[in-house]
There are 2 protein chains.
Amino acid sequence: MKKIDILKKLRSSRLRPTKQRVEIAKFLFEREKTFHFTVESLNKLLIKKLASKIALATIYNTVHAFKTAGHLSEVEVRGNKTYFDTNVSNHHHFYDSENAELIDIDANDIVIQKIPKAPNGKKIKNVEVFINLKN
Amino acid sequence: MKKIDILKKLRSSRLRPTKQRVEIAKFLFEREKTFHFTVESLNKLLIKKLASKIALATIYNTVHAFKTAGHLSEVEVRGNKTYFDTNVSNHHHFYDSENAELIDIDANDIVIQKIPKAPNGKKIKNVEVFINLKN
DNA sequence: TTTTCACTTTAGAATAATTATAAACTAGAA
DNA sequence: TTCTAGTTTATAATTATTCTAAAGTGAAAA
Ligand SMILES: [Mn+2]
Ligand SMILES: [Mn+2]
Ligand SMILES: [Zn+2]
Ligand SMILES: [Zn+2]
(Lines give C-alpha, C1' and ligand atoms only; values in the text may rest on other atoms or scores of the structure.)
(Ligands and ions follow the chains in the order given, each with its own letter.)
Protein backbone atom coordinates (compact mmCIF):
# COMPACT_ATOMS: atom_id res chain seq x y z
CA MET A 1 0.00 0.00 0.00
CA LYS A 2 1.49 3.31 -1.16
CA LYS A 3 1.37 6.69 0.52
CA ILE A 4 -1.18 7.95 -1.98
CA ASP A 5 -3.42 5.03 -1.03
CA ILE A 6 -2.92 5.83 2.64
CA LEU A 7 -4.15 9.35 2.02
CA LYS A 8 -7.07 7.99 0.02
CA LYS A 9 -7.90 5.52 2.78
CA LEU A 10 -7.91 8.26 5.41
CA ARG A 11 -9.87 10.76 3.31
CA SER A 12 -12.43 8.16 2.27
CA SER A 13 -13.25 7.56 5.92
CA ARG A 14 -13.35 11.30 6.71
CA LEU A 15 -10.17 11.17 8.76
CA ARG A 16 -7.94 14.16 8.19
CA PRO A 17 -4.54 12.90 7.11
CA THR A 18 -2.57 14.48 9.90
CA LYS A 19 1.13 13.82 10.30
CA GLN A 20 0.45 11.37 13.12
CA ARG A 21 -2.32 9.45 11.35
CA VAL A 22 -0.32 9.14 8.17
CA GLU A 23 2.70 7.83 10.06
CA ILE A 24 0.65 5.30 12.00
CA ALA A 25 -1.27 4.26 8.89
CA LYS A 26 1.94 3.81 6.92
CA PHE A 27 3.36 1.73 9.72
CA LEU A 28 0.25 -0.44 9.95
CA PHE A 29 -0.82 -0.78 6.33
CA GLU A 30 2.36 -0.60 4.26
CA ARG A 31 3.16 -4.26 4.76
CA GLU A 32 2.47 -7.53 3.01
CA LYS A 33 1.32 -9.66 5.90
CA THR A 34 -1.27 -9.24 8.57
CA PHE A 35 -0.11 -7.36 11.62
CA HIS A 36 -1.50 -8.14 15.06
CA PHE A 37 -0.72 -5.71 17.86
CA THR A 38 -1.69 -4.10 21.13
CA VAL A 39 -1.54 -0.36 21.69
CA GLU A 40 1.46 -0.97 23.92
CA SER A 41 3.36 -2.99 21.32
CA LEU A 42 2.49 -0.51 18.57
CA ASN A 43 3.68 2.35 20.72
CA LYS A 44 7.04 0.65 21.33
CA LEU A 45 7.52 -0.07 17.65
CA LEU A 46 6.60 3.49 16.68
CA ILE A 47 9.11 4.90 19.16
CA LYS A 48 11.84 2.79 17.53
CA LYS A 49 10.74 3.62 14.00
CA LEU A 50 9.94 7.31 14.16
CA ALA A 51 12.08 10.31 15.00
CA SER A 52 9.40 12.25 16.83
CA LYS A 53 7.22 10.42 19.28
CA ILE A 54 3.47 10.33 19.06
CA ALA A 55 1.47 10.77 22.27
CA LEU A 56 0.03 7.56 23.65
CA ALA A 57 -3.42 9.14 23.67
CA THR A 58 -3.06 9.81 19.96
CA ILE A 59 -2.21 6.19 19.33
CA TYR A 60 -5.34 5.13 21.22
CA ASN A 61 -7.41 7.72 19.34
CA THR A 62 -6.00 6.71 15.98
CA VAL A 63 -6.34 2.98 16.47
CA HIS A 64 -9.94 3.44 17.53
CA ALA A 65 -10.64 5.75 14.61
CA PHE A 66 -9.17 3.15 12.24
CA LYS A 67 -11.22 0.43 13.84
CA THR A 68 -14.41 2.47 13.59
CA ALA A 69 -13.60 3.17 9.95
CA GLY A 70 -13.21 -0.58 9.36
CA HIS A 71 -9.47 -0.44 8.70
CA LEU A 72 -8.64 -2.51 11.77
CA SER A 73 -10.44 -5.27 13.60
CA GLU A 74 -10.27 -6.25 17.22
CA VAL A 75 -9.31 -9.78 18.19
CA GLU A 76 -10.29 -11.43 21.40
CA VAL A 77 -7.29 -12.84 23.19
CA ARG A 78 -7.04 -14.10 26.73
CA GLY A 79 -5.53 -11.44 28.93
CA ASN A 80 -6.19 -7.87 29.80
CA LYS A 81 -4.85 -6.07 26.76
CA THR A 82 -6.84 -5.41 23.60
CA TYR A 83 -5.44 -6.87 20.39
CA PHE A 84 -5.93 -5.30 16.98
CA ASP A 85 -5.56 -6.80 13.54
CA THR A 86 -4.84 -5.27 10.15
CA ASN A 87 -6.75 -8.16 8.58
CA VAL A 88 -10.35 -7.00 8.55
CA SER A 89 -11.70 -9.89 6.52
CA ASN A 90 -13.55 -12.76 8.11
CA HIS A 91 -10.86 -15.12 9.37
CA HIS A 92 -9.72 -17.16 12.36
CA HIS A 93 -6.66 -17.42 14.57
CA PHE A 94 -4.12 -19.67 16.09
CA TYR A 95 -2.86 -18.38 19.40
CA ASP A 96 0.61 -19.25 20.55
CA SER A 97 0.51 -18.36 24.24
CA GLU A 98 4.22 -19.07 24.54
CA ASN A 99 5.02 -16.06 22.37
CA ALA A 100 1.72 -14.22 22.93
CA GLU A 101 1.43 -14.37 19.15
CA LEU A 102 -1.61 -14.53 16.90
CA ILE A 103 -1.42 -16.32 13.56
CA ASP A 104 -4.06 -15.89 10.88
CA ILE A 105 -6.14 -18.76 9.59
CA ASP A 106 -7.91 -18.13 6.31
CA ALA A 107 -11.68 -18.46 6.56
CA ASN A 108 -11.56 -21.21 3.93
CA ASP A 109 -9.14 -23.31 5.94
CA ILE A 110 -11.78 -24.06 8.54
CA VAL A 111 -15.01 -25.76 7.56
CA ILE A 112 -17.71 -26.20 10.14
CA GLN A 113 -20.03 -29.05 9.36
CA LYS A 114 -22.52 -28.78 12.15
CA ILE A 115 -23.54 -25.67 14.01
CA PRO A 116 -26.40 -25.11 16.45
CA LYS A 117 -29.20 -22.78 15.53
CA ALA A 118 -29.23 -19.38 17.17
CA PRO A 119 -31.47 -19.04 20.25
CA ASN A 120 -34.82 -17.26 20.58
CA GLY A 121 -35.22 -14.90 17.63
CA LYS A 122 -31.48 -14.19 17.44
CA LYS A 123 -29.37 -14.63 14.34
CA ILE A 124 -25.76 -15.59 13.89
CA LYS A 125 -23.64 -12.54 13.19
CA ASN A 126 -20.33 -14.33 12.77
CA VAL A 127 -18.38 -17.35 13.90
CA GLU A 128 -14.90 -17.01 15.32
CA VAL A 129 -12.64 -19.99 15.77
CA PHE A 130 -9.72 -19.68 18.10
CA ILE A 131 -7.16 -22.46 18.18
CA ASN A 132 -4.86 -22.48 21.18
CA LEU A 133 -1.44 -23.93 20.55
CA LYS A 134 0.98 -25.82 22.77
CA ASN A 135 4.43 -27.22 22.15
CA MET B 1 -24.59 -30.06 44.47
CA LYS B 2 -25.05 -30.40 48.21
CA LYS B 3 -23.11 -28.70 50.98
CA ILE B 4 -21.30 -31.92 51.80
CA ASP B 5 -20.10 -32.07 48.21
CA ILE B 6 -19.00 -28.45 48.40
CA LEU B 7 -16.83 -29.29 51.37
CA LYS B 8 -15.49 -32.34 49.56
CA LYS B 9 -14.75 -30.26 46.48
CA LEU B 10 -12.84 -27.69 48.50
CA ARG B 11 -10.94 -30.21 50.59
CA SER B 12 -10.04 -32.32 47.56
CA SER B 13 -8.32 -29.31 46.04
CA ARG B 14 -6.60 -28.42 49.30
CA LEU B 15 -8.67 -25.31 49.81
CA ARG B 16 -9.68 -24.77 53.41
CA PRO B 17 -13.45 -24.55 53.55
CA THR B 18 -13.61 -21.12 55.11
CA LYS B 19 -16.93 -19.35 55.62
CA GLN B 20 -16.31 -17.18 52.58
CA ARG B 21 -15.20 -19.97 50.25
CA VAL B 22 -18.15 -22.14 51.22
CA GLU B 23 -20.60 -19.32 50.62
CA ILE B 24 -19.10 -18.46 47.26
CA ALA B 25 -18.88 -22.14 46.26
CA LYS B 26 -22.51 -22.74 47.25
CA PHE B 27 -23.55 -19.72 45.23
CA LEU B 28 -21.57 -20.84 42.19
CA PHE B 29 -22.01 -24.60 42.22
CA GLU B 30 -25.39 -25.27 43.80
CA ARG B 31 -27.27 -24.69 40.57
CA GLU B 32 -28.48 -26.76 37.66
CA LYS B 33 -27.30 -24.67 34.75
CA THR B 34 -23.97 -23.19 33.79
CA PHE B 35 -23.26 -19.82 35.34
CA HIS B 36 -21.17 -17.23 33.49
CA PHE B 37 -20.01 -14.22 35.46
CA THR B 38 -17.46 -11.51 36.04
CA VAL B 39 -16.01 -10.73 39.46
CA GLU B 40 -18.06 -7.53 39.43
CA SER B 41 -21.35 -9.30 38.66
CA LEU B 42 -20.62 -12.03 41.19
CA ASN B 43 -19.87 -9.44 43.84
CA LYS B 44 -23.18 -7.67 43.20
CA LEU B 45 -25.11 -10.92 43.40
CA LEU B 46 -23.33 -11.95 46.58
CA ILE B 47 -24.13 -8.62 48.21
CA LYS B 48 -27.81 -9.19 47.44
CA LYS B 49 -27.77 -12.82 48.52
CA LEU B 50 -25.66 -12.76 51.67
CA ALA B 51 -26.11 -10.99 54.96
CA SER B 52 -22.45 -10.22 55.57
CA LYS B 53 -20.40 -8.92 52.69
CA ILE B 54 -17.27 -10.60 51.46
CA ALA B 55 -14.30 -8.39 50.63
CA LEU B 56 -13.77 -7.87 46.92
CA ALA B 57 -10.18 -9.09 47.28
CA THR B 58 -11.51 -12.32 48.73
CA ILE B 59 -13.81 -12.78 45.76
CA TYR B 60 -10.85 -12.30 43.43
CA ASN B 61 -8.74 -14.68 45.52
CA THR B 62 -11.46 -17.30 45.67
CA VAL B 63 -12.38 -17.18 42.00
CA HIS B 64 -8.74 -17.57 41.07
CA ALA B 65 -8.29 -20.40 43.55
CA PHE B 66 -11.33 -22.15 42.06
CA LYS B 67 -10.00 -21.62 38.57
CA THR B 68 -6.57 -22.98 39.48
CA ALA B 69 -8.26 -25.98 41.08
CA GLY B 70 -10.19 -26.57 37.86
CA HIS B 71 -13.60 -25.74 39.31
CA LEU B 72 -14.02 -22.70 37.07
CA SER B 73 -12.86 -21.85 33.58
CA GLU B 74 -12.16 -18.51 32.02
CA VAL B 75 -13.99 -17.47 28.89
CA GLU B 76 -12.71 -15.00 26.39
CA VAL B 77 -15.27 -12.28 25.71
CA ARG B 78 -14.82 -9.00 23.95
CA GLY B 79 -14.35 -6.25 26.48
CA ASN B 80 -12.10 -5.50 29.37
CA LYS B 81 -13.57 -7.65 32.08
CA THR B 82 -12.67 -11.28 32.68
CA TYR B 83 -15.51 -13.79 32.40
CA PHE B 84 -15.65 -17.03 34.35
CA ASP B 85 -17.70 -20.13 33.73
CA THR B 86 -18.88 -22.89 36.04
CA ASN B 87 -18.82 -25.23 33.05
CA VAL B 88 -15.28 -26.57 32.97
CA SER B 89 -15.86 -29.14 30.26
CA ASN B 90 -14.78 -28.52 26.69
CA HIS B 91 -17.58 -26.48 25.13
CA HIS B 92 -18.34 -23.42 23.02
CA HIS B 93 -20.36 -20.22 23.34
CA PHE B 94 -22.91 -18.01 21.76
CA TYR B 95 -22.42 -14.40 22.73
CA ASP B 96 -25.39 -12.08 22.82
CA SER B 97 -23.75 -8.66 22.89
CA GLU B 98 -27.15 -7.02 23.38
CA ASN B 99 -27.41 -8.54 26.85
CA ALA B 100 -23.68 -9.15 27.37
CA GLU B 101 -24.73 -12.76 27.88
CA LEU B 102 -22.88 -15.99 27.19
CA ILE B 103 -24.81 -19.13 26.24
CA ASP B 104 -23.25 -22.56 26.31
CA ILE B 105 -22.94 -24.73 23.23
CA ASP B 106 -22.24 -28.39 23.88
CA ALA B 107 -19.01 -29.60 22.30
CA ASN B 108 -21.01 -32.17 20.32
CA ASP B 109 -23.23 -29.52 18.76
CA ILE B 110 -20.35 -28.16 16.70
CA VAL B 111 -18.49 -30.38 14.28
CA ILE B 112 -15.46 -29.03 12.49
CA GLN B 113 -14.77 -30.80 9.22
CA LYS B 114 -11.60 -29.12 8.13
CA ILE B 115 -8.95 -27.59 10.30
CA PRO B 116 -5.46 -26.36 9.41
CA LYS B 117 -2.45 -28.11 10.84
CA ALA B 118 -0.62 -26.38 13.65
CA PRO B 119 2.44 -24.36 12.63
CA ASN B 120 6.12 -25.24 13.09
CA GLY B 121 6.39 -27.91 15.75
CA LYS B 122 3.38 -26.66 17.69
CA LYS B 123 0.37 -28.76 18.55
CA ILE B 124 -3.27 -27.89 18.94
CA LYS B 125 -4.20 -27.53 22.60
CA ASN B 126 -7.89 -26.82 22.09
CA VAL B 127 -10.34 -25.23 19.72
CA GLU B 128 -12.78 -22.61 20.91
CA VAL B 129 -15.72 -21.54 18.78
CA PHE B 130 -17.38 -18.27 19.56
CA ILE B 131 -20.62 -17.41 17.79
CA ASN B 132 -21.63 -13.77 17.94
CA LEU B 133 -25.37 -13.15 17.84
CA LYS B 134 -27.43 -10.30 16.44
CA ASN B 135 -31.15 -9.66 16.39
C1' DT C 1 -9.41 -29.00 75.13
C1' DT C 2 -6.08 -25.60 74.36
C1' DT C 3 -2.23 -24.11 71.73
C1' DT C 4 -0.13 -23.02 67.64
C1' DC C 5 0.65 -21.43 63.07
C1' DA C 6 0.23 -21.67 58.22
C1' DC C 7 -3.34 -20.25 55.59
C1' DT C 8 -6.95 -16.80 54.79
C1' DT C 9 -9.40 -12.48 54.87
C1' DT C 10 -9.49 -7.74 54.65
C1' DA C 11 -9.00 -2.63 53.79
C1' DG C 12 -6.54 0.02 51.45
C1' DA C 13 -2.61 1.06 48.39
C1' DA C 14 -0.55 0.07 44.00
C1' DT C 15 -0.51 -1.07 39.20
C1' DA C 16 -2.00 -1.48 34.43
C1' DA C 17 -4.90 -0.47 30.61
C1' DT C 18 -7.81 2.70 28.89
C1' DT C 19 -10.60 6.91 28.58
C1' DA C 20 -11.60 11.82 29.63
C1' DT C 21 -10.28 16.69 29.83
C1' DA C 22 -9.12 20.89 28.21
C1' DA C 23 -5.64 23.79 26.28
C1' DA C 24 -2.65 24.33 22.21
C1' DC C 25 -2.22 23.22 17.45
C1' DT C 26 -3.34 22.56 12.43
C1' DA C 27 -5.57 21.00 7.89
C1' DG C 28 -7.91 22.83 4.67
C1' DA C 29 -12.25 25.43 3.38
C1' DA C 30 -13.38 29.98 2.43
C1' DT D 1 -4.37 34.78 4.49
C1' DT D 2 -7.94 33.91 7.81
C1' DC D 3 -10.78 31.05 10.35
C1' DT D 4 -12.49 27.10 12.64
C1' DA D 5 -13.72 22.41 13.38
C1' DG D 6 -11.09 18.66 14.03
C1' DT D 7 -6.82 16.93 16.17
C1' DT D 8 -2.99 16.33 19.31
C1' DT D 9 -1.10 16.39 23.69
C1' DA D 10 0.05 16.18 28.69
C1' DT D 11 -2.09 15.01 32.37
C1' DA D 12 -5.92 13.57 35.27
C1' DA D 13 -9.46 10.24 35.92
C1' DT D 14 -11.45 5.79 35.66
C1' DT D 15 -11.72 0.79 35.69
C1' DA D 16 -10.22 -3.78 36.48
C1' DT D 17 -7.12 -6.23 38.89
C1' DT D 18 -3.25 -7.31 41.99
C1' DC D 19 -0.38 -6.35 46.01
C1' DT D 20 0.55 -5.57 50.94
C1' DA D 21 0.67 -6.37 55.47
C1' DA D 22 -2.00 -6.61 59.57
C1' DA D 23 -5.70 -9.13 61.86
C1' DG D 24 -8.35 -13.39 61.93
C1' DT D 25 -9.16 -18.50 61.76
C1' DG D 26 -9.27 -23.68 60.52
C1' DA D 27 -7.49 -27.59 61.95
C1' DA D 28 -3.29 -30.30 63.29
C1' DA D 29 -0.81 -31.31 67.22
C1' DA D 30 0.03 -31.15 72.06
MN1 LIG E 1 -9.08 -10.33 26.10
MN1 LIG F 1 -11.91 -10.21 27.01
ZN1 LIG G 1 -5.83 -11.91 12.18
ZN1 LIG H 1 -19.81 -21.78 29.17
Side-chain angles (χ1 to χ4, degrees), chain A residues 3-4 6-27 36-47 50-69 71-72 74-84 100, chain B residues 3-4 6-27 36-47 50-69 71-72 74-84 100:
Chain A
K3 183 169 186 178
I4 186 112
I6 294 283
L7 294 181
K8 214 177 287 179
K9 173 175 274 210
L10 293 178
R11 290 223 169 80
S12 73
S13 30
R14 284 183 234 69
L15 293 169
R16 265 192 212 168
T18 63
K19 181 168 160 289
Q20 292 85 346
R21 282 179 179 159
V22 171
E23 277 178 339
I24 295 172
K26 285 173 73 178
F27 187 81
H36 299 105
F37 63 97
T38 66
V39 169
E40 187 200 24
S41 71
L42 175 60
N43 185 221
K44 279 183 185 158
L45 292 168
L46 287 172
I47 287 170
L50 305 177
S52 57
K53 66 172 160 299
I54 299 176
L56 187 59
T58 300
I59 298 176
Y60 273 101
N61 288 341
T62 302
V63 165
H64 282 133
F66 289 177
K67 186 194 164 190
T68 300
H71 304 317
L72 289 174
E74 195 180 321
V75 186
E76 203 44 36
V77 181
R78 208 148 303 223
N80 25 307
K81 278 182 250 186
T82 304
Y83 279 73
F84 295 93
Chain B
K3 183 168 186 179
I4 185 114
I6 293 283
L7 295 181
K8 213 176 288 179
K9 173 175 277 213
L10 293 179
R11 289 223 170 80
S12 74
S13 29
R14 285 183 233 70
L15 293 169
R16 267 191 211 170
T18 63
K19 183 168 160 288
Q20 292 85 346
R21 283 179 179 160
V22 172
E23 276 177 341
I24 294 172
K26 285 173 72 177
F27 187 81
H36 298 106
F37 64 96
T38 66
V39 168
E40 187 200 24
S41 71
L42 175 60
N43 184 222
K44 279 183 184 157
L45 292 168
L46 287 173
I47 287 171
L50 305 178
S52 57
K53 65 170 160 302
I54 298 176
L56 187 58
T58 300
I59 298 176
Y60 273 101
N61 288 342
T62 302
V63 165
H64 282 134
F66 288 179
K67 187 194 163 191
T68 300
H71 304 317
L72 289 174
E74 196 179 322
V75 187
E76 202 41 49
V77 180
R78 206 148 303 224
N80 24 309
K81 278 181 252 187
T82 304
Y83 279 72
F84 294 93

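No hydrogens, no waters, no symmetry mates; every other heavy atom, side chains included, goes into these values. In what follows, every chain begins at residue 1, and chains take the letters A, B, ... in the order their sequences are listed.
Listed candidates were D/dG26, D/dT8, C/dG28. Nearest to the side chain of A/Thr58 is D/dT8. Listed candidates were C/dA11, D/dA16, D/dA27. Nearest to the side chain of B/Ala55 is C/dA11. Closest approach to the A/Ala57 side chain among D/dT7, C/dA20, D/dA16 is made by C/dA20 (side chain taken as heavy atoms from C-beta onward). Considering only side-chain atoms of B/Arg21, the nucleotide from D/dT8, C/dT8, D/dA27 that sits closest is C/dT8. The side chain of B/Val39 lies closest to D/dT17 when the candidates are C/dT18, D/dT17, D/dT8. For A/Tyr60, the listed nucleotide lying nearest its side chain is C/dT19; candidates were C/dT9, C/dT19, D/dT7.
At the heavy-atom level, B/Thr18 lies under 4.0 Å from the strands shown only through sugar-phosphate atoms.
Rounded to a whole Å, the CG atom of A/Asn43 is 13 Å from the C1' atom of C/dT18. Distance B/Lys81 NZ to C/dT18 C1': 14 Å, rounded to the nearest Å.
Counting only distance, with no hydrogens or angles, the side chain of A/Arg21 and the backbone of A/Leu15 share no donor-acceptor pair below 3.5 Å. A distance-only check finds a donor-acceptor pair linking the side chain of A/Asn61 to the backbone of A/Ala57 [under 3.5 Å].
Comparing B/Arg16 and B/Ile54 against DNA chain C, the residue whose closest nucleotide sits nearer the 5' end is B/Arg16. Residue B/Leu56 is the one, among B/Leu56 and B/Lys19, whose nearest nucleotide of DNA chain D lies closer to the 5' end (criterion: closest heavy atom).
Note that CG of B/Leu46 and CD1 of B/Ile24 are 5.5 Å apart. Values are rounded to the nearest 0.5 Å.
Taking only side-chain nitrogens and oxygens, A/Thr82 comes nearer than 4.0 Å to OP1 or OP2 of C/dT18. For the OP1/OP2 pair of C/dT19 and a distance below 4.0 Å, the side-chain nitrogens and oxygens of A/His64 include at least one atom meeting the criterion.
Ion pairing between a basic and an acidic side chain is recognised when a charged N comes within 4.0 Å of a carboxylate O; A/Arg78 and B/Glu74 show no such pairing.
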